[in-house]
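Down below is the structure, laid out as structure tokens.
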2 protein chains.
Amino acid sequence: MSDAALTRLVHRRRAPAGNLILDGEQDPGWIAVILSGVVKLLKTAADGRRQIVGLQFPGQFVGRPGGKPSPFLAEAASDVDLCCFAGSSFETAMRENRDLEHVVMHQTLEELDVAREWMFVLGRKTAQEKVASLLLLMAHHLAPEPADVPSAGKAIEFELPLSRTEMAEYLGLTIETVSRQISNLKAHGVISIRGARVVSVPDLAALADWSENNKS
Amino acid sequence: MSDAALTRLVHRRRAPAGNLILDGEQDPGWIAVILSGVVKLLKTAADGRRQIVGLQFPGQFVGRPGGKPSPFLAEAASDVDLCCFAGSSFETAMRENRDLEHVVMHQTLEELDVAREWMFVLGRKTAQEKVASLLLLMAHHLAPEPADVPSAGKAIEFELPLSRTEMAEYLGLTIETVSRQISNLKAHGVISIRGARVVSVPDLAALADWSENNKS
DNA sequence: CGCATTGTTGAGAGCTGTCAAACAGCGTGG
DNA sequence: CCACGCTGTTTGACAGCTCTCAACAATGCG
């Protein structure tokens, strides 16, 4: 196979933060795996209202098998590195490799659960709980050492891949409200902040408490 | 194959309104197709807050392939009629019949899109728009003659499969707010109501307008 | 017909949104 | 090196929407 042909089948793509990756209308002709960075999926209304409906982290797919694109925009939240597979070859690979098909199915079901969990956040949580929930989510995904269970006394630190505007768009809030809730968490010692993006959480369990009610 | 063996592989199940169908914890051992009625998927928090995260209509699946159940409760919103397939035989059928697998995949992707669309409703719409959006959704699913496109001047009538409480749980509102918004739509002639459950919409396009901003 | 359940309506409080201004970070250019 | 302006964040004051609490009406059932 020639280099040119190979490049058509699989290629690398870098998208700087803020870049549009999928326009939600036309089939890009490829399906990608995120190598690094965070991708946001969002819906925009005619009057300008915006809602982020999903965040994709490294190892997850961007794009959709079957030619029909998902009806949402995909944008790079941070600088993103993608590995893109030509749609046709991806479909072929799925047909021929049952395991790949199962991986795609498994990830889709996982995304569905995550979306529904977030529906609870959007529909039932207070602004304070929403912000704590988002920070907790980020801690789970971005912690240097994966500490999936919020263990007491475990301090972690990470850099937010989202601006205040993006946090608000994911939480169904305004940037002012997000900022106030962050300040409040800071004032109560639940988190501390360096330069608006670096968050350190002395006690994940305490943050988890704040994400469910208002204890501690 | 004996009747008993067949019954283990596929059987009918009726669930009266309000009945718990899946507890969100243990694998029920089957996957079902809804023959009639509406099933709600919901998440409950320890403090009693409830959020409906999905509605399933006839033709859609309830349950999940792969043994791992979805982490949400499934309840009958109206009287429900299910056709249940033993999980093991369903898995076998998926392995042997590519088409079935594709149908499941297609439905899962569809559910994912619907969930994300609803995230926008929950995060960005006003109470008035939320209620109008729900009525519009019901009109599309329950209209006697499927009028997928909200065409002007088309009057339709349907019976709500949800109580005010359930509407509130799906919309992230309280029952009082739902009731007030319904009254308001009534007062503006967008809908009319008979007996709290039967809704008639003289003009779907007008309802669609109310679901997006507050015109008309 | 009486009762329980469900839905409606009202009054007031509280949370979040809106509008506005101050502040911080950061690259540019003097 | 510092002044400047741009962008993003924080904070404040206030209004408005939705929630809470309460009473009442309507519906359904024994």
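Residue numbering restarts at 1 for every chain, and letters A, B, ... go by the order of the sequence lines.
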Exercise. For DNA chain C, which nucleotides open and close the run of contacts to chain B, 5' to 3', at under 4.0 angstrom from a non-hydrogen atom?
Worked result: C:dG7 to C:dA11

For this session: Name all residues meeting the ring pair (Phe, Tyr, Trp, His ring centres under 6.0 Å) criterion together with A:Phe61; count only those two or more places apart in sequence or in a different chain, and write none if there are none.
Result: A:Phe90

For this session: Apply side chain to side chain contact (heavy atoms under 4.5 Å, CB included) to B:Ser192 and list each qualifying residue two or more places apart in sequence or on a separate chain.
Result: B:Ser200

Problem set entry | A:Ser163 and A:Arg197, any side-chain heavy atoms less than 4.5 Å apart | yes

For this session: For the residue pair A:Leu41 and A:Gln56, establish whether any side-chain heavy-atom pair is separated by less than 4.5 Å.
Result: yes

For this session: Assess whether side-chain contact (heavy atoms from CB on, under 4.5 Å) is satisfied between A:Arg13 and A:Cys84, documenting all intermediate values.
Result: CA-CA 7 Å; A:Arg13 174 171 172 192; A:Cys84 305; 3.9 Å; yes

How long is the span from the [atom1] atom in [X] to the [atom2] atom in [Y], to the nearest 0.5 Å?
{"X": "B:Glu212", "Y": "B:Lys125", "atom1": "CD", "atom2": "NZ", "value": "6.0 Å"}
{"X": "B:Tyr170", "Y": "B:Leu122", "atom1": "OH", "atom2": "CG", "value": "8.0 Å"}
{"X": "B:Leu42", "Y": "B:Glu166", "atom1": "CG", "atom2": "CD", "value": "9.0 Å"}
{"X": "B:Thr126", "Y": "B:Trp210", "atom1": "OG1", "atom2": "CH2", "value": "9.5 Å"}

Exercise. Which comes earlier along DNA chain D counting from the 5' end, the contact point of A:Ser179 or that of A:Arg124, where each point is its nearest nucleotide?
Worked result: A:Ser179

Spacing between [X] atom [atom1] and [N] atom [atom2], to the nearest angstrom:
{"X": "B:Glu176", "N": "D:dC17", "atom1": "CD", "atom2": "C1'", "answer": "14 Å"}
{"X": "A:Lys186", "N": "D:dT9", "atom1": "NZ", "atom2": "P", "answer": "12 Å"}
{"X": "B:Leu122", "N": "D:dT18", "atom1": "CG", "atom2": "C1'", "answer": "15 Å"}
{"X": "A:Leu160", "N": "D:dG8", "atom1": "CG", "atom2": "C1'", "answer": "14 Å"}
{"X": "B:Arg180", "N": "D:dA22", "atom1": "CZ", "atom2": "C1'", "answer": "11 Å"}
{"X": "A:Ile193", "N": "D:dT9", "atom1": "CD1", "atom2": "C1'", "answer": "11 Å"}
{"X": "B:Lys125", "N": "D:dC17", "atom1": "NZ", "atom2": "P", "answer": "18 Å"}
{"X": "B:Glu129", "N": "D:dC17", "atom1": "CD", "atom2": "C1'", "answer": "13 Å"}

Exercise. Excluding sequence neighbours, so at least two apart, what forms side chain to side chain donor-acceptor pair (under 3.5 Å) with B:Lys130?
Worked result: none

Problem set entry | A:Gln128 and A:Asn184: side chain donor to acceptor below 3.5 Å | yes

Exercise. So what does A:Leu173 hit on the nucleic acid, given a heavy-atom distance under 4.0 Å: a base, only sugar-phosphate, or nothing?
Worked result: sugar-phosphate

Exercise. For DNA chain C, which residues in residues 44-56 of chain A have a heavy atom at a distance below 4.0 Å?
Worked result: none

Exercise. Is A:Glu157 salt-bridged to A:Arg194, going by a charged N under 4.0 Å from an acidic O?
Worked result: yes

For this session: Kindly say if B:Thr174 contacts the phosphate of D:dC19, meaning a side-chain N or O under 4.0 Å from OP1 or OP2.
Result: yes

For this session: Look at A:Arg164 and D:dT10 and indicate whether a side-chain polar atom (N or O) is within less than 4.0 Å of OP1 or OP2.
Result: yes

Problem set entry | Under 4.0 Å protein heavy-atom contacts per nucleotide of nucleotides 23-30 of chain D, with B for base, S for backbone only and - for none | --------

Exercise. What nucleotide among D:dT9, D:dT11, D:dT18 has an atom nearest to a side-chain atom of B:Gln181?
Worked result: D:dT18

